[in-house]
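The analysis underlying the following values was restricted to heavy atoms, covering all of them including side chains, and did not include hydrogens, waters or symmetry mates.
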Amino acid sequence: MPSGCDEKNGEDCESQSIYVNNPHLGSMKEDILYHFNLGTSSHDLAAQFGDVKFVCVGGSPWRMKSFIKYIAGELGLAGPDAEYPNICEGTDRYAMYKVGPVLSVSHGMGIPSISIMLHELIKLLYHARCTDVTVVRIGTSGGIGLQPGTVVVTKQSVDATFLPRFEQVVLGKPVVRSTDLDGDLAEELLQCGKELAEFETVIGNTMCTLDFYEGQARLDGAFCSYTEEDKQNYLAEAYAAGVRNIEMESSVFAAMCKLSNLRAAVVCVTLLDRQKGDQLTSSHDVLHSYQQRPQILVGHYIKKKLSASKKK
C-alpha cells in the first residue's frame with residue numbers, strides 16, 4: 001500500500017498527495033485510530049474529512065480550538081451561535097476541530113506525542129482520500145537573536161548538533177530521515193507576513209530538542225552541569241548555523257510529512273530571546289498576543305489560497 005491513489009476507482013493519481021508506506025494496512029479489516037477515537041469501520045472518514053485541504057497542528061487543545069474559531073471567522077463560516085465540537089471527545093489524548101476545508105488538531109508536547117498523532121493523522125487523510133493537503137505546525141518557541149514576538153517560518157529543522165536530520169531507533173537500529181520542508185511554502189508564508197505587516201516574520205532554521213531544559217541549554221532546570229558561558233557559546237554556535245528558534249516537535253513533523261508527500265511548514269512565534277534569559281517574564285496579555293501571531297499568519301495564507309482557487 002504505497003500510496004492513497006487508486007486508478008481502478010477512477011481517481012486522479014496526479015493530484016493525490018497522501019502516501020503511506022505500510023504493506024500491512026491493506027490486509028487489515030479495520031484500522032482503528034485509537035488516539036483519535038476514530039476508525040474505518042465506525043466512521044465514514046471520506047464523508048467526514050474528504051474535503052480537507054489544510055491541516056493546522058499545535059501543542060495545546062485550547063490553542064487549536066481558538067484557531068478553528070479564528071479561521072471560521074476569517075473564512076466567513078462562523079454563524080452567530082456556531083459551536084465547534086471536539087471530534088476526538090471520546091479520548092483525552094488529542095483534540096480535533098473542523099470547519100470547511102480546515103482541520104485543527106492538537107499534538108501535545110515533544111517528539112513522542114506529535115509522532116503518535118501524525119501516524120494517525122496521515123492514515124486519517126489517506127483513508128479519507130484527501131488530496132493536495134497542506135499541513136502547518138503553529139506554535140511557540142524560544143528565539144535566538146530575535147526580538148520576542150518575532151514569527152519564525154522554518155527553513156530546515158535541525159537536531160541539537162545543528163544537522164538537518166531526525167534519528168529514530170527501529171527494531172534496535174538507528175534510522176535517519178530528512179527534515180526538509182517545502183521551500184516554496186516557506187517563502188509564501190514569509191510573503192504573507194510582509195503583506196500583513198503586523199509583526200516581524202523571518203525564515204530561519206529551527207532546532208528541535210528532546211527536552212525543554214538541559215537539551216535547550218537552560219540554566220533553570222532541576223539539573224545543570226554547565227556554566228552561563230557554556231550556554232552562551234552553544235547558543236552562539238546555533239545562531240552561526242542559521243538557527244533562529246528552538247522547540248521540540250519540528251524534526252519528526254518535517255520527516256513524517258516528507259515521507260507522506262505532504263506539503264508542510266512550521267510557523268512558531270518566539271516568546272523570548274534565549275541569549276538574554278531562560279524564563280518567561282512577559283505578562284499574560286503580551287504572551288497571549290504573541291501566541292496569536294502564527295494563527296494570524298497562517299489564517300491569512302489559507303484565506304489567500306482559497307480565494308485564489310475560487311478565481312480559477
Side-chain angles (χ1 to χ4, degrees), residues 1-26 28 30-31 33 36 38-58 64 67-68 71-72 74-77 87-88 94 96-105 107 114 117-138 178 180-189 192 253-267 298-312:
M1 184 176 285
S3 76
C5 175
D6 187 351
E7 293 185 10
K8 293 180 181 179
N9 289 334
E11 293 182 19
D12 179 2
C13 292
E14 291 186 0
S15 67
Q16 183 67 40
S17 59
I18 312 301
Y19 286 80
V20 295
N21 189 15
N22 182 354
H24 306 290
L25 290 179
M28 294 169 56
E30 179 182 11
D31 190 1
L33 308 179
F36 285 166
L38 296 171
T40 53
S41 294
S42 56
H43 296 76
D44 187 342
L45 298 180
Q48 194 170 358
F49 300 100
D51 63 339
V52 169
K53 296 297 180 184
F54 302 94
V55 181
C56 292
V57 303
M64 300 323 293
F67 175 74
I68 209 69
I71 197 65
E74 288 296 294
L75 300 181
L77 299 175
I87 297 170
C88 301
Y94 303 107
M96 179 186 294
Y97 306 95
K98 182 179 183 297
V99 63
V102 182
L103 194 64
S104 178
V105 191
H107 59 58
I114 192 174
M117 187 282 292
L118 285 171
H119 272 283
E120 298 188 15
L121 173 64
I122 290 164
K123 291 196 296 175
L124 169 64
L125 297 173
Y126 168 80
H127 290 309
R129 300 188 180 279
C130 296
T131 61
D132 304 317
V133 178
T134 298
V135 187
V136 183
R137 166 169 144 66
I138 56 176
S178 168
D180 287 340
L181 289 158
D182 190 303
D184 291 339
L185 176 57
E187 290 293 339
E188 288 180 53
L189 287 162
C192 286
F253 173 83
M256 293 182 71
C257 287
K258 183 177 176 66
L259 285 172
S260 306
N261 200 35
L262 283 164
R263 200 171 188 230
V266 178
V267 178
V298 175
H300 180 77
Y301 168 79
I302 291 173
K303 189 176 181 180
K304 182 178 176 181
K305 297 297 287 188
L306 289 176
S307 177
S309 66
K310 290 178 181 178
K311 295 177 181 178
K312 293 181 179 178

- Message: Measuring only between side-chain heavy atoms, which start at C-beta, is Leu121 closer than 4.5 Å to Leu103?
- Response: yes

- Message: Nearest 0.5 angstrom please: His127 NE2 to Glu120 CD, how far?
- Response: 10.0 Å

- Query: Which heavy atom of Gly39 sits nearest a heavy atom of Ser42, and at what distance?
  - Reply: N-OG, 3.3 Å

- Task: Let me see the working for Phe36 and His43 under side-chain contact (heavy atoms from CB on, under 4.5 Å), right down to the final yes or no.
- Result: CA-CA 12 Å; Phe36 285 166; His43 296 76; over 6 Å; no

- Task: For Glu187, enumerate each residue passing the side-chain hydrogen bond (donor to acceptor under 3.5 Å, both in side chains) test, keeping only those at least two apart in sequence or located in another chain.
- Result: none

- Thr134 side chain vs Arg263 backbone, donor-acceptor pair below 3.5 Å: no

- Note on the structure: Distance col, row Leu124:CG vs Gln48:CD, nearest 0.5 angstrom, shows 8.0 Å

- Message: So, taking the atom named SG in Cys88 and the one named OH in Tyr94, what distance separates them when rounded to the nearest 0.5 Å?
- Response: 10.0 Å

- Item | Shortest non-hydrogen contact between Ile302 and Cys56, atoms and distance | CD1-SG, 4.1 Å

- Ignoring hydrogens and angles, tell me if any N or O in the side chain of Ser178 forms a donor-acceptor pair with the backbone of Asp180 under 3.5 Å. yes

- OH of Tyr126 to OG1 of Thr40: how many Å apart, nearest 0.5 Å? 11.0 Å

- Which atom of Phe253 lies closest to which atom of Leu118, heavy atoms considered: CA-CD1, 3.7 Å

- What do the steps show when you test Ile138 against Met64 for side-chain contact (heavy atoms from CB on, under 4.5 Å), and what is the final call? CA-CA 9 Å; Ile138 56 176; Met64 300 323 293; 4.0 Å; yes

- Do Val99 and Ile71 have side-chain heavy atoms sitting under 4.5 Å apart? yes

- Distance (rounded to the nearest 0.5 Å) between Leu45 CG and Arg129 CZ: 11.0 Å

- Message: Testing the basics here: between Ile68 and Ser104, what is the closest heavy-atom pair and its distance to 0.1 Å?
- Response: CD1-CB, 3.8 Å

- Close side-chain approach of Leu306 to Phe54, heavy-atom, < 4.5 Å: yes

- Message: Show the nearest heavy-atom pair for residues Cys130 and Val133, with the distance to one decimal.
- Response: CB-CG2, 3.7 Å

- Query: Backbone N or O of Thr131 within a donor-acceptor pair of the Lys53 side chain at under 3.5 Å?
  - Reply: yes

- Message: Under 4.0 Å between a side-chain nitrogen and a carboxylate oxygen: does that hold for Glu188 and Lys305?
- Response: yes

- Between the CD1 atom in Ile122 and the OH atom in Tyr19, the distance rounded to the nearest 0.5 Å is 14.0 Å

- With side chains defined as the heavy atoms from C-beta onward, is the minimum distance between His119 and Met256 less than 4.5 Å? yes

- Item | Test item: Asn22 and Lys123 side chains (from C-beta on) under 4.5 Å apart, heavy atoms | no

- Less than 4.5 Å apart, any side-chain heavy atom of Leu125 and any of Val55? yes

- Query: What's the verdict on side-chain contact (heavy atoms from CB on, under 4.5 Å) for Leu259 and Asn21, showing C-alpha distance, side-chain angles and the deciding distance?
  - Reply: CA-CA 8 Å; Leu259 285 172; Asn21 189 15; over 6 Å; no

- What pair of heavy atoms forms the shortest contact from Leu189 to Ala265, and how long is it? CD1-CB, 3.5 Å

